[in-house]
Amino acid sequence: MSNSTISHEFDVIIVGSGGAGLTLALSLPNHFKIAILAKSHLNDASTYYAQGGVAAVLDKTDSIENHINDTMIAGSHLCELNAVKHTVEGGQASIDFLLSQGVQFTLDEKEQLHLTREGGHSHRRIIHAADATGKAISTKLIERAREHQNIEIFEHYIAIDLITSDKLKIDGPKRAIGLYAFNEATETVHTFLAPFTALACGGAMRAYLHSSNPDIATGDGIAMAFRAGCRVANMEFNQFHPTCLYHPQARSFLITEAMRGEGAYLRLPDGERFMLRFDERAELAPRDVVARAIDFEIKRLGIRYVWLDITHQSADFIQEHFPTLYEHLLTFGIDITQDMIPVVPAAHYTCGGVMVDQHSQTDLLGLYAIGETAYTGLHGANRMASNSLLECFVYGMSAAKHIQMQFKEHTLLPLIPSWDDSQVTHPDEDVVILQNWDELRQTMWNYVGIVRTTKRLERALHRIEMLKNEINEYYQDYKVSKNLIELRNLVMVSEMIVQCALQRKESRGLHFTLDYPDQNQTLERTVLIPPNFQVKKESIHP
Ligand code: FAD
Ligand code: SIN
């Protein structure tokens, strides 16, 4: 046995310190003993990097119905209406929650919340903190969580796998009772036990070579839940953000859609405003349309990027609305008040995920999934801009309510066997992990990108399966490390993306395949069922 006998007990374990995880933690009563685990620093999460804002109906000329309609249209009508309603109706409560935690948003001249616009939204409804909304939200929520005596924070702890009651031959229906996590500092595995566990691990877009996401986005929550017996849906719908900075020294830097919302144009090298040829909504068409148009033009002209141009707005306007972008791009020698910005699409958002109901419950009792890890049904075939942070807050609060209601069922937790790594050794060469990591991302980018074909997807699947076997063998033989845990998850989630993409015999929203260019008449989600799936008494998503 390893020396990994350190065991922690809590009422609720939350994996993830982004908008979803922190909302859940801060919405639970103060007498709950809560653990928050984060792979890295608390603010190293997609939430922190969000620029645009949070969509919510606050303007009198707008309505809940408008927001619902816009979401359904952006999602190519594959969204589940109940989930859309639940989310949109939770807009006001979400903003109230954020304000109550002290988050400061940009105000207009009447001291009301300033509302900006983004693609797909028929009205101004994006609440924001200039162009660094995520930073404003994360910083405040982290500050509040650190103030709570009942919340214990575990930074640099990487959840490896869930612990389920059936594995321990515990009587009663199968449920999640905690997880194993790798402490990066001591290189030991700890046991975390609780009657309630929530996966708020973010998305999986680091599966692609070019991504707007931070390094943490390796699909850990989705892979862990699937291994534990939860269904996963709609993994073929990966959103490519149309405008990430193209610069050799810039890594994953997004240029917010709000810039197009405030009038920026997309141009070709000859100056043509090409989006007008593709969609009457031009630069404010939904992201799938804009990303595909850029991809088409880049391939047609053999160029590496297109230009984003906001120079026709006044310098004062630009500096007031986009202070962070202005400063950051200056460091690359780009003055956005005078220069156009070179941009390319990059993998940005995982629309699919672990299937949950309106309480954020997964298929497994005691297990919740929230935020980008979850499939709630909100986004359908394409997420509308700024709907994802909203989803994090709404479903984070829903999970908190449900956990509170279920809490009486809390029973004493059993003794759990320690992580056994007595049969494994330290890896002889880590280069294997690096090599497989690069190969996986390159494969996903080249074969499972913005425009797909069945042949490319089959090629990808073949390569991914080889990589998966190699990585699993490595996992069984050697001690775990952060890179190995992430790669094991990423290869599993990549396989799910390809499997879902192969199952969808149509082009809809973010999934575009040359072999099936039209939409089917029927609306169906793509569901992956794990071999150990057991139907719960009350099945979610009937
Ligand atoms: P995250 O914020 O990504 O947090 C994930 C957490 O899980 C991290 O703390 C991580 O350490 C932890 N974690 C993961 N795996 C493990 C593990 N195995 N063990 C322990 N911890 C783990 N959406 C909008 O609505 N509006 C926007 O303006 C917007 N802008 C964006 C800009 C950028 C650059 C990006 C990348 C995304 C943007 N999005 C935006 C999308 C949105 O930010 C994300 O969908 C959302 O923040 C996800 O929140 P989350 O809490 O689910 O996950
Ligand atoms: C952006 O600011 O363009 C990102 C918004 C989002 O992803 O919702």
Side-chain angles (χ1 to χ4, degrees), residues 13-24 35-56 116 118-121 126-129 131-135 137-138 141-142 153-161 179-182 184 192 198-206 211-224 239 241-244 252-261 287 322 325 346-351 353 369-374 379 383-393 395-396 482 485-486 488-489:
I13 302 164
I14 301 170
V15 190
S17 59
L22 290 168
T23 301
L24 169 57
I36 298 181
L37 273 64
K39 262 208 267 205
S40 175
H41 301 295
L42 285 194
N43 59 15
D44 197 2
S46 289
T47 301
Y48 182 85
Y49 298 99
Q51 295 178 6
V54 186
T116 189
E118 288 180 334
H121 292 273
I126 317 296
I127 293 96
H128 63 108
D131 57 351
T133 309
K135 187 174 172 188
I137 294 174
S138 278
L141 298 189
I142 289 171
I153 289 166
F154 296 85
E155 280 173 301
H156 300 280
Y157 276 71
I158 302 120
I160 306 171
D161 260 320
L179 49 83
Y180 291 113
F182 178 68
E184 214 185 346
F192 286 79
L199 299 171
C201 304
M205 286 302 95
R206 293 303 294 189
S211 169
S212 69
N213 288 194
D215 289 346
I216 55 99
T218 52
D220 298 3
I222 300 171
M224 278 190 278
Q239 185 172 76
H241 195 291
T243 57
C244 284
S252 324
F253 191 73
L254 187 89
I255 312 294
T256 178
E257 185 157 329
M259 194 173 268
R260 279 173 284 133
R287 278 183 194 171
F322 307 107
L325 282 177
H348 182 61
Y349 186 83
T350 313
C351 289
I370 35 176
E372 203 170 326
T373 299
H379 306 304
R383 174 183 69 102
M384 192 164 66
S386 289
N387 264 356
S388 48
L389 282 174
L390 176 64
E391 186 189 41
C392 288
F393 307 129
Y395 281 85
K482 184 178 182 211
I485 296 166
E486 291 185 330
R488 175 178 176 239
N489 291 329

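Just so you know, ligand 1 is whichever comes first in the structure, and atom 1 is the first atom listed for that ligand.
- Closest approach of Phe322 and Ala258 over heavy atoms only: CZ-O, 3.7 Å.
- Heavy-atom separations between Thr373 and ligand 1 are all 4.0 Å or longer.
- In terms of polar-atom proximity, Gly19 is counted as a contact of ligand 1, with an N or O under 3.5 Å from an N or O of the ligand.
- Annotation for Lys135: atom NZ does not count as buried by contact number, only 12 or fewer foreign heavy atoms lying within 6.0 Å.
- The main-chain N or O of Ala204 is found under 3.5 Å from a side-chain atom of Thr350 such that the two form a donor-acceptor pair.
- The minimum heavy-atom distance between Tyr48 and Asn43, with the atom names listed, is CB-O, 3.0 Å.
- Residue contacts with ligand 1: Ala200 is placed with a nitrogen or oxygen under 3.5 Å of a nitrogen or oxygen of the ligand (distance criterion only).
- The shortest contact between atom 33 (C) of ligand 1 and any protein heavy atom is with His348 CE1, 3.6 Å.
- Annotation: atom 14 (C) of ligand 1 to nearest protein heavy atom, Cys201 O, 3.3 Å.
- Between Leu254 and ligand 1, not a single N/O pair is under 3.5 Å apart.
- At the shortest separation from atom 31 (C) of ligand 1 among protein heavy atoms lies Ala50 CA, 3.4 Å.
- Shortest contact from atom 22 (C) of ligand 1 to any protein heavy atom: Lys39 CG, 3.5 Å.
- Checking only distances, Glu372 does come within under 3.5 Å of ligand 1, N or O to N or O.
- The closest protein non-hydrogen atom to atom 20 (C) of ligand 1 is Tyr157 O, 3.2 Å.
- Shown in contact with Asn213 at under 4.0 Å from a heavy atom are these atoms of ligand 1, numbered in order with element: 36 (C).
- Between Ser138 and Thr47, the shortest heavy-atom contact is OG-CG2, 3.6 Å.
- Under a 4.0 Å criterion applied to the non-hydrogen atoms of Tyr349, ligand 1 contributes the atoms 45 (O).
- Counting only N and O atoms by type, the side chains of Gln239 and His379 include no donor and acceptor under 3.5 Å apart.
- Each of the following atoms of ligand 1 lies closer than 4.0 Å to a heavy atom of Leu37: 21 (N).
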Discussion item. Checking His241 against Arg287 for the side-chain contact (heavy atoms from CB on, under 4.5 Å) test, could you report, in this order, the C-alpha distance in whole Å, the side-chain angles of both residues, the deciding distance, and whether it holds?
Written reply: CA-CA 6 Å; His241 195 291; Arg287 278 183 194 171; 3.7 Å; yes
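- Taking CG of Leu179 as the start and OH of Tyr157 as the end, the distance is 12.0 Å to the nearest 0.5 Å.
- Those atoms of ligand 1 that come under 4.0 Å of a heavy atom in Ser17, given as number and element, are 6 (C), 8 (C), 9 (O).
- Between Ile36 and Ser17, the closest heavy-atom pair is CG2-CB, 4.1 Å.
- Expressed to the nearest 0.5 Å, how far CG of Asp220 lies from CG of Asn489 amounts to 4.0 Å.
- Sorted by chain and number, the heavy-atom contacts of ligand 2 below 4.0 Å come from Gln51, Gly52, Glu118, His241, Leu254, Thr256, Glu257, Arg287, His348, Arg383, Ala385, Ser386.
- Of all the atoms in ligand 1, the ones that sit under 4.0 Å from a non-hydrogen atom of Arg383 are 23 (N), 24 (C), 25 (O).
- At a 3.5 angstrom cut-off on N or O pairs, Val15 does not count as close to ligand 1.
- The shortest separation from a heavy atom of Ala38 to ligand 1 is under 4.0 Å, placing the residue in contact.
- Salt-bridge check for Glu486 with Lys39: passed, with a basic side-chain N closer than 4.0 Å to an acidic carboxylate O.
- The closest donor-acceptor contact from the side chain of Ser46 to the backbone of Asn213 lies at 3.5 Å or more, if one exists at all.
- In terms of N/O distances under 3.5 Å, ligand 1 is approached by Ala20.
- Considering all non-hydrogen atoms of both residues, Leu24 and Ala198 come closest at CD2-CB, 3.4 Å.
- Counting only heavy atoms of the protein, atom 43 (O) of ligand 1 lies nearest to Ser46 O, 3.6 Å.
- When non-hydrogen atoms are compared, ligand 1 lies under 4.0 Å from the side chain of Asp220 (C-beta onward) but not from its backbone.
- Looking at Thr373, its side chain does come within 3.5 Å of a backbone N or O of Cys201 through a donor-acceptor pair.
- Of all the atoms in ligand 1, the ones that sit under 4.0 Å from a non-hydrogen atom of Gly371 are 52 (O).
- Nearest protein heavy-atom neighbour of atom 53 (O) of ligand 1: Gly202 CA, 3.3 Å.
- Contact check for Ile137 versus Phe393: side-chain heavy atoms found under the 4.5 Å cut-off.
- For ligand 1 and Ile158, the ligand atoms under 4.0 Å from any heavy atom of the residue are 18 (N), 19 (N).
- The single protein non-hydrogen atom nearest to atom 2 (O) of ligand 1 is Thr47 OG1, 2.5 Å, given as residue, atom name and distance.
- Tested against Ser386 for a side chain to side chain donor-acceptor pair (under 3.5 Å), the candidates His128, His121, Glu118, Glu257 yield a single pass: Glu118.
- The closest heavy-atom contact to atom 26 (N) of ligand 1, among the options Ala132, Gly52, Gly53, comes from Gly53.
- Polar contact check, Ser388 against ligand 1: a nitrogen or oxygen pair lies under 3.5 Å apart.
- Checking only distances, Leu389 does come within under 3.5 Å of ligand 1, N or O to N or O.
- For Asp161 and Arg488, the salt-bridge test passes: some basic side-chain N is under 4.0 Å from an acidic carboxylate O.
- For ligand 1, none of its N or O atoms has an N or O atom of Ser212 under 3.5 Å away.
- At a heavy-atom cutoff of 4.0 Å, ligand 1 is contacted by no atom of Met205, backbone or side chain.
- In this structure, the separation between CG on Leu325 and OG1 on Thr256 is 7.0 Å, given to the nearest 0.5 Å.
- A distance-only check finds a donor-acceptor pair linking the side chain of Thr133 to the backbone of Gln51 [under 3.5 Å].
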